[in-house]
Amino acid sequence: MSRSKKWRLEWAFFLGENGRRQYNKLCKGCVHPCKQSFRAVVVTCPHYLSLRSKKCGH
């Protein structure tokens, strides 16, 4: 089955050198569908709270 041109353009941001989808380090183990590309810098994620951010909030 061939993929459409639109699909390829959409997923090109997620494809690594080996042609497979790659996600950000924080998103790899996450169960939520809001995964980000390895090329993106995660500024904020509604589902991720680090221990450091919890300590700074007190």
Donor-acceptor pairs are to be reported for all side-chain atoms of residues 22-31 against protein atoms at under 3.5 Å, with residues two or more places apart or in another chain.
from	atom 1	to	atom 2	distance (Å)
N24	OD1	L26	N	3.4
N24	ND2	A40	O	2.9

Any L15 side-chain heavy atom under 4.5 Å of R21 side chain: yes

Partners meeting ring-ring contact (aromatic ring centres under 6.0 Å, His included) with F13 (sequence neighbours left out): none

V41 versus Q36, closest heavy-atom pair with distance: O-OE1, 4.5 Å

